[in-house]
Amino acid sequence: MVMKIETVGIVGAGTMGNGIAQTIAMAGMQVIMVDLHDTALEAGMATLKGSLERLVSKGKIDATARDNALARIEISTDYQRLAGVDIVIEAATENGELKTRILRQIEAVVRPDAIIASNTSSISITTLGATLADPSRFIGMHFFNPVPLLALVEIIRGLQTSAQTAEAVRELTVRLDKSPIGVKNSPGFVVNRILVPMINEAFFVLAEGVAAAEEIDTGMRLGANHPIGPLALADLIGLDVCLSVLDVLFNDFRDSKYRASPLLREYVAAGQLGRKTRRGVYQYD
């Protein structure tokens, strides 16, 4: 029998974590969002509340729905609060060592039948799962930013992931009013393997002075019918995340076509990571 998921733990209150928390709470499930620091939790909740307020102001939801969603979310710095949840979704920074450490902390406190998922955008689910005592209950559940607005979720099975785990996560995804696609474990999975090299090429074009950033983005919006240009999209995703994905692709495939643009590395080294730092390729007020 496939587990019916009613309570969800989330580790990480950043852009992805608070977006996932909002989506799950709006779908009527209880959420416990955990982070190491109260300041991170407060910032995550402030972002989440602002997102709900925008939905109210646009008439997408009413004030009652907003209040009900907020009432379903608990925040904590204590991993022990995850002991009774049905699934925990790790949504930490795209760093393999960090994710491994967090996943082990999660496994130490959750029920034996609880599912553990990672929101990784590129790191091997098989590799991450191999660090756990029971990798059969581990799976990739890759949401896209902004989570409340984008419908896709990549569901990635590692070599050890059980069919029951995959089916329970697929059912959860549908209940969240998202569209799941099943993906084999492979560097970058589907979307980022295609998307991030395109973004990287835009940085090469920018560095070569072929066109200004605004003209590159306009060209791809109007010439390729993309809703947002690749450089603006990189700012939205986070330039550090784009670089991390490229490094995973390059290291795992050993193919020079995934070599990160030096200009992209320069932006990241300068701390200009995009919208989250208010400055990336573009500046944000």
Novice: Would you check, one step at a time, whether the test side-chain contact (heavy atoms from CB on, under 4.5 Å) holds for Val34 with Ile10?
Specialist: CA-CA 6 Å; Val34 173; Ile10 296 167; over 6 Å; no
Novice: Does CZ in Arg175 sit with more than 12 non-hydrogen atoms of other residues, nucleotides or ligands closer than 6.0 Å?
Specialist: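 Result for CZ/Arg175: enclosed.
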Novice: How about Lys49 and Leu70: do any of their side-chain heavy atoms sit closer than 4.5 Å?
Specialist: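 A side-chain contact under 4.5 Å exists here.
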Novice: When rounded to the nearest 0.5 angstrom, what is the spacing between CG in Asp35 and CD in Glu42?
Specialist: 11.0 Å
Novice: Would you kindly say whether Asn200 and Ser261 are connected by a side-chain donor-acceptor distance under 3.5 Å?
Specialist: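 No, no side-chain donor-acceptor contact under 3.5 Å.
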Novice: Side chains of Glu94 and Ser121: is there a donor and an acceptor less than 3.5 Å apart?
Specialist: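 There is such a pair (donor and acceptor under 3.5 Å, judged by atom type) between the side chains of Glu94 and Ser121.
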Novice: Minimum heavy-atom separation for Arg221 to Ile228, with atom names?
Specialist: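 What the structure gives for the nearest pair is CG-C, 3.8 Å.
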Novice: Do Ser136 and Gln160 meet the criterion of a side-chain donor-acceptor pair at a distance under 3.5 Å?
Specialist: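 Short answer, no.
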Novice: State whether Asp86 and Arg111 are salt-bridged, where the test is any N-O pair (Lys NZ or Arg NE/NH1/NH2 against Asp/Glu carboxylate O) under 4.0 Å.
Specialist: yes
Novice: Should the pair Glu6-Lys4 be classified as a salt bridge under the 4.0 Å nitrogen-to-oxygen rule?
Specialist: yes
Novice: With no hydrogens and no angle check, just 3.5 Å: does a side-chain donor-acceptor pair link Tyr267 and Asp240?
Specialist: no
Novice: Among Ile123, Leu195, Val196, which residue satisfies the side-chain contact (heavy atoms from CB on, under 4.5 Å) criterion with Val245?
Specialist: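 The option that passes is Val196.
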Novice: Got a second to check how far Ile102's CD1 is from Leu128's CG, nearest 0.5 Å?
Specialist: 11.0 Å
Novice: Measure the shortest side-chain to side-chain distance between Met141 and Ile89 over non-hydrogen atoms and say whether it is less than 4.5 angstrom.
Specialist: yes
Novice: Where the side chain of Gln22 meets the backbone of Gly19, is there a donor-acceptor pair that is under 3.5 Å apart?
Specialist: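 Checking the backbone N and O of Gly19 against the side chain of Gln22, no donor-acceptor pair under 3.5 Å is found.
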Novice: Evaluate the side-chain proximity of Glu90 to Phe138: yes if any heavy-atom separation is below 4.5 Å, no if none is.
Specialist: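 No; the side chains remain at least 4.5 Å from each other.
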Novice: Does atom CG (Asp113) have a neighbourhood of more than 12 heavy atoms from anything else shown, all under 6.0 Å?
Specialist: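 Yes, CG of Asp113 has more than 12 neighbouring heavy atoms, counting only those of other groups under 6.0 Å.
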Novice: So how far is it from Asn18 CG to Leu41 CG, rounded to the nearest 0.5 Å?
Specialist: 10.5 Å
Novice: Is the shortest side-chain heavy-atom distance between Arg66 and Leu55 below 4.5 Å?
Specialist: no
Novice: If hydrophobic clusters are built from ILVMFWY residues whose side chains come within less than 4.5 Å, do Met26 and Leu152 share one?
Specialist: no
Novice: If every non-hydrogen atom of Ile156 is compared with every non-hydrogen atom of Ile139, which pair is closest and at what distance?
Specialist: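 Taking every non-hydrogen atom into account, O-CG1, 3.2 Å.
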Novice: A side-chain contact here means heavy atoms from C-beta on lying under 4.5 Å apart; do Phe143 and Leu150 qualify?
Specialist: no
Novice: What are the two closest heavy atoms between Asp134 and Pro112, and how far apart are they?
Specialist: OD2-O, 4.5 Å
Novice: For a quick test of reading the model, state the closest non-hydrogen atom pair linking Ala202 to Pro230 and the distance between them.
Specialist: CB-CG, 3.8 Å
Novice: Do Ser51 side-chain atoms and Thr47 backbone N/O form a donor-acceptor pair below 3.5 Å?
Specialist: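 No, because the side chain of Ser51 does not come within donor-acceptor range (under 3.5 Å) of the backbone of Thr47.
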Novice: What about Met29 and Val11, same hydrophobic cluster or not, with Ile/Leu/Val/Met/Phe/Trp/Tyr joined at side-chain heavy-atom distances under 4.5 Å?
Specialist: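 Looking at the clustering, Val11 is in a separate group from Met29.
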Novice: CG of Asp252 to CZ of Arg193: how many Å apart, nearest 0.5 Å?
Specialist: 10.5 Å
Novice: Check the side chains of Thr126 and Asn185 for a donor-acceptor pair under 3.5 angstrom, ignoring hydrogens and angles.
Specialist: yes
Novice: With side chains defined as the heavy atoms from C-beta onward, is the minimum distance between Asn145 and Met16 less than 4.5 Å?
Specialist: yes
Novice: Are Leu249 and Val191 connected in a single hydrophobic cluster, I mean Ile/Leu/Val/Met/Phe/Trp/Tyr linked by side-chain heavy atoms less than 4.5 Å apart?
Specialist: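 Yes, one cluster joins them.
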Novice: Looking only at side-chain N and O atoms, does Thr7 offer a donor or acceptor that is under 3.5 Å from a partner on Gln30?
Specialist: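 Side-chain D/A pair, Gln30 to Thr7: absent.
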Novice: If you round to the nearest 0.5 Å, how far is CD of Glu107 from OG1 of Thr131?
Specialist: 7.5 Å
Novice: Decide yes or no on side-chain contact (heavy atoms from CB on, under 4.5 Å) for Ile155 and Val183, but give the supporting numbers first.
Specialist: CA-CA 6 Å; Ile155 298 176; Val183 178; over 6 Å; no
Novice: Decide salt bridge (Lys or Arg N to Asp or Glu O under 4.0 Å) for Asp247 and Arg265; before the verdict, give the C-alpha distance in whole Å, the side-chain angles of both, and the deciding distance to 0.1 Å.
Specialist: CA-CA 11 Å; Asp247 284 343; Arg265 268 189 209 285; 2.7 Å; yes
Novice: Should we count CG of Asp78 as having more than 12 external heavy atoms under 6.0 Å?
Specialist: yes
Novice: As a quick check of understanding, evaluate side-chain contact (heavy atoms from CB on, under 4.5 Å) for Lys276 and Val241, giving each step before the final call.
Specialist: CA-CA 11 Å; Lys276 60 187 172 185; Val241 175; 4.1 Å; yes
Novice: Is there a donor-acceptor pair under 3.5 Å between the side chain of Arg157 and the backbone N or O of Thr161?
Specialist: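 Yes; judged by distance alone, with no hydrogens or angles, the pair exists.
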Novice: Go through it in stages, so that I can follow the logic: the residues are Val153 and Phe144, the test is side-chain contact (heavy atoms from CB on, under 4.5 Å), and I'd like the CA-CA distance, side-chain angles, deciding distance and then a yes or no.
Specialist: CA-CA 7 Å; Val153 178; Phe144 290 80; over 6 Å; no
Novice: Determine, using the 4.5 Å side-chain heavy-atom cutoff (strictly less than), whether Ile237 and Tyr282 are members of one ILVMFWY cluster.
Specialist: yes
Novice: Roughly how far, to the nearest 0.5 Å, is CD of Gln272 from CD of Glu266?
Specialist: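 Here the interatomic distance stands at 9.0 Å.
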Novice: Starting from Ile5, can I reach Val110 by hopping between I/L/V/M/F/W/Y residues whose side chains sit under 4.5 Å apart?
Specialist: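 Looking at the clustering, Ile5 is in a separate group from Val110.
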Novice: How far apart are the closest heavy atoms of Phe203 and Leu263, and which atoms are they?
Specialist: O-CD2, 3.8 Å
Novice: Evaluate the side-chain proximity of Arg81 to Glu74: yes if any heavy-atom separation is below 4.5 Å, no if none is.
Specialist: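 Glu74 reaches Arg81 side chain to side chain.
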Novice: Are Ile116 and Ile87 packed together at the side-chain level, in the sense that at least one heavy-atom pair is separated by less than 4.5 angstrom?
Specialist: no
Novice: Might you point out which heavy atoms bring Ile73 and Ala21 nearest each other, and give the distance in Å?
Specialist: CD1-O, 4.2 Å
